[in-house]
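Read through the structure below, which is laid out as structure tokens, and then see the notes.
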Amino acid sequence: MTAGADWRPGASIQALRQRAEWRAQLRQFFDQRGVIEVDTPLLAATGVTDPAIECLQESVSGYWLQSSPEYAMKRLIAAGLGDCYQMTPAFRAGEQGRWHNPEFTLLEWYRLGYSADDLMNELGQLTDALLGPAPIRCRTYQAAFRMAGLPDPLLASTDALISAARTMPAACPLPSGMAHRALLDWLFSQVVAPQLPARCFVTHYPADQAVLARLDPDDPRLAERFELFIDGVEMANGFRELTDAAALRERFEADQAVRRACGQSVMAIDERLLAAMDAGLPDCAGVAVGLDRLFARAAGVESIAEVIAFPWARA
Amino acid sequence: MATYSTNQFKSGLKLLLDGEPYSIVENEFVKPGKGQAFNRVKVRNLKTGKVIDRTFKSGESVEAADVMETEMQYLYNDGEFYYFMAPETFEQHAAPDAAVGENGKWLKEQDTCNVTLYNGEPLSVEPPPHVTLAVTQTDPGMKGDTSSGGSKPATLETGAVVQVPLFIQEGEVLKVDTRTGEYVSRAKD
């Protein structure tokens with residue numbers, strides 16, 4: 001192929017016009033609810049410590065392209081801004097496929113005083129507005145495993161997970177050297193997710209998958225984290241936010257230890273976020289929606305490349 | 001030992017899995033937002049043709065299969081092996097029946113074929129998409145037959161049997177599509 005021959009958009013003009021309409025519709029959704037739009041930096045001094053996310057670094061400044069606007073938005077909320085949302089590009093190195101693009105669009109919003117249930121309810125309204133109304137089912141992470149015929153993910157030993165993985169009807173050989181957490185992720189993506197109802201919240205993730213969610217005060221084995229799946233594809237991830245800076249520092253340090261043990265580069269901790277939380281992050285809930293995926297579902301297409309003007313290979 | 005990282009995966013890439021050569025048919029990147037990334041692939045066993053599913057942790061290295069697709073000239077069959085020659089080096093390779101399989105019936109001496117080598121040995125042989133072969137046996141067509149309607153079997157010089165129009169006579173040279181096994185036309189000259 002001659003250089004430049006792929007100059008045209010990957011998405012159809014019709015899909016791109018539709019995308020603009022959906023974005024306008026989303027702005028209206030938040031306008032009507034008094035949630036204000038914000039902009040936060042795409043480049044910042046630190047990225048995330050999360051072992052499962054590789055940030056991209058800008059080579060001249062050494063700053064990091066943000067994998068999510070979460071930390072900056074929490075600093076705004078700690079400073080007193082209140083309910084806010086943004087639609088922003090986000091970046092994750094090496095994530096490329098049917099449902100991934102290294103540069104993608106996140107819709108993220110925060111609601112003060114909301115519980116996880118309140119925010120799931122609002123996300124349901126947003127989903128109905130974009131995709132047309134349909135019931136959304138709700139399953140705990142634990143129940144989703146059990147209903148797929150798998151052992152209890154909170155109790156099962158690593159060996160029990162391995163033997164369960166081997167007896168699955170659609171079983172294909174497990175990758176070698178799978179740690180406990182990787183096994184859970186493998187079982188979830190290979191076995192659990194394909195069996196979820198068409199629209200389904202998964203709630204109450206195990207505490208070691210809390211990320212930035214608060215632990216359930218009634219059962220600290222669980223985190224107040226939820227995800228939305230549509231047709232088995234992960235669409236959104238939300239938290240009743242952890243507001244305890246000391247607890248978050250411990251999680252960041254644990255992330256760094258994991259990265260060090262796996263020979264991954266270790267990201268510095270975002271001290272400004274921790275200082276903001278120390279000063280006081282109001283009780284709130286927040287959620288990030290993979291907007292390209294939601295648009296792909298709304299358009300009825302099977303890859304995000306069909307709703308992105310210039311996906312990675314044409315960017 | 002050559003290896004590939006999962007981020008190099010694409011269809012057609014040749015991998016060595018459990019000691020067998022495979023070709024990637026389909027590669028899908030699967031990753032929970034907050035969890036371990038995997039590559040879920042469909043791979044075809046190059047010896048048996050069987051397609052299986054595998055998953056790899058993203059970033060994992062997988063051994064490459066020493067598989068090479070080359071063009072070679074078909075020389076002859078000695079009853080046990082089919083012999084091919086690399087056009088530049090004149091190096092000869094003997095392909096067993098298992099590697100040639102059904103495609104043997106299209107092989108005509110001097111024709112250029114696609115030979116897949118695994119560790120230097122022929123693993124599979126693909127004939128050219130079109131071959132020109134002479135008819136060695138076919139029943140005479142009925143008088144007055146024109147170019148439309150009806151067909152009959154004809155045996156070609158390589159032993160292949162194809163359906164041909166009724167007007168084709170023994171000794172004629174035909175163009176045949178080896179992918180569908182169908183008659184295309186009379187050869188031009």
Side-chain angles (χ1 to χ4, degrees), chain A residues 48 50-54 67-68 90 92-101 104 106 165 170-186 188-190 192-193 202 205 209-213 223 225 227 229 232-237 239 262-264 288-290 293 303, chain B residues 1-67 69 118 129:
Chain A
V48 294
D50 191 329
I53 295 174
E54 290 302 326
S67 57
S68 131
R92 295 181 188 181
E95 301 194 4
Q96 201 186 350
R98 210 146 61 88
W99 299 110
H100 294 83
N101 199 55
F104 61 105
L106 275 180
C172 64
L174 274 175
S176 54
M178 296 266 279
H180 194 81
R181 173 62 203 283
L183 275 165
L184 288 175
D185 287 342
W186 190 89
F188 193 93
S189 66
Q190 302 299 302
V192 178
V202 176
Y205 279 71
Q209 296 184 39
V211 201
L212 271 72
R225 173 183 165 199
E227 293 220 332
F229 286 82
V233 180
E234 183 188 17
M235 289 287 152
N237 176 66
F239 306 139
C262 298
Q264 295 172 284
V289 178
R293 292 183 186 174
S303 80
Chain B
M1 175 181 91
T3 61
Y4 294 116
S5 164
T6 56
N7 57 31
Q8 294 172 286
F9 279 13
K10 58 178 182 188
S11 43
L13 200 72
K14 308 294 189 292
L15 305 177
L16 192 67
L17 304 173
D18 312 321
E20 298 273 293
Y22 285 86
S23 175
I24 296 180
V25 179
E26 210 179 281
N27 169 42
E28 180 149 32
F29 180 73
V30 182
K31 182 184 184 300
K34 310 282 181 192
Q36 173 72 50
F38 299 102
N39 284 66
R40 182 165 59 205
V41 296
K42 283 192 188 304
V43 286
R44 194 180 72 247
N45 185 313
L46 292 172
K47 284 182 176 167
T48 64
K50 200 177 158 208
V51 175
I52 60 167
D53 290 312
R54 290 293 286 262
T55 48
F56 298 94
K57 281 193 286 185
S58 296
E60 203 177 329
S61 285
V62 184
E63 202 175 335
D66 177 14
V67 172
E69 279 171 28
Y118 171 50

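These numbers come from a predicted model, not from an experiment. Chain naming here is simple, since letters A, B, ... match the order of the sequence lines and numbering starts at 1 in each.
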Cut-off 4.5 Å, heavy atoms of chain A, and the answer for B:Phe56 is backbone
Any side-chain heavy-atom pair from [X] and [Y] closer than 4.5 angstrom?
X        : Y        : result
A:Phe188 : B:Pro32  : no
B:Phe29  : A:Gln96  : no
B:Gln36  : A:Met178 : no
A:Gln209 : B:Lys34  : no
B:Lys57  : A:Trp186 : no

Residue from A:Asp50, A:Asp185, A:Leu184, A:Ile53 scoring the most non-hydrogen pairs under 4.5 Å with chain B is A:Asp185
Chain B shares the most heavy-atom pairs under 4.5 Å, among A:Ser189, A:Pro175, A:Gly97, with A:Pro175
Open item on the list: Check this for me: B:Arg44, atom CZ, are more than 12 non-hydrogen atoms of other residues, nucleotides or ligands nearer than 6.0 Å?
Closed with: no
* When you measure from the side chain of B:Lys31 to the backbone N and O of A:Ala52, does any donor-acceptor pair fall under 3.5 Å? -> yes
Honestly, the part of A:Ser67 sitting under 4.5 Å from a heavy atom of chain B is neither
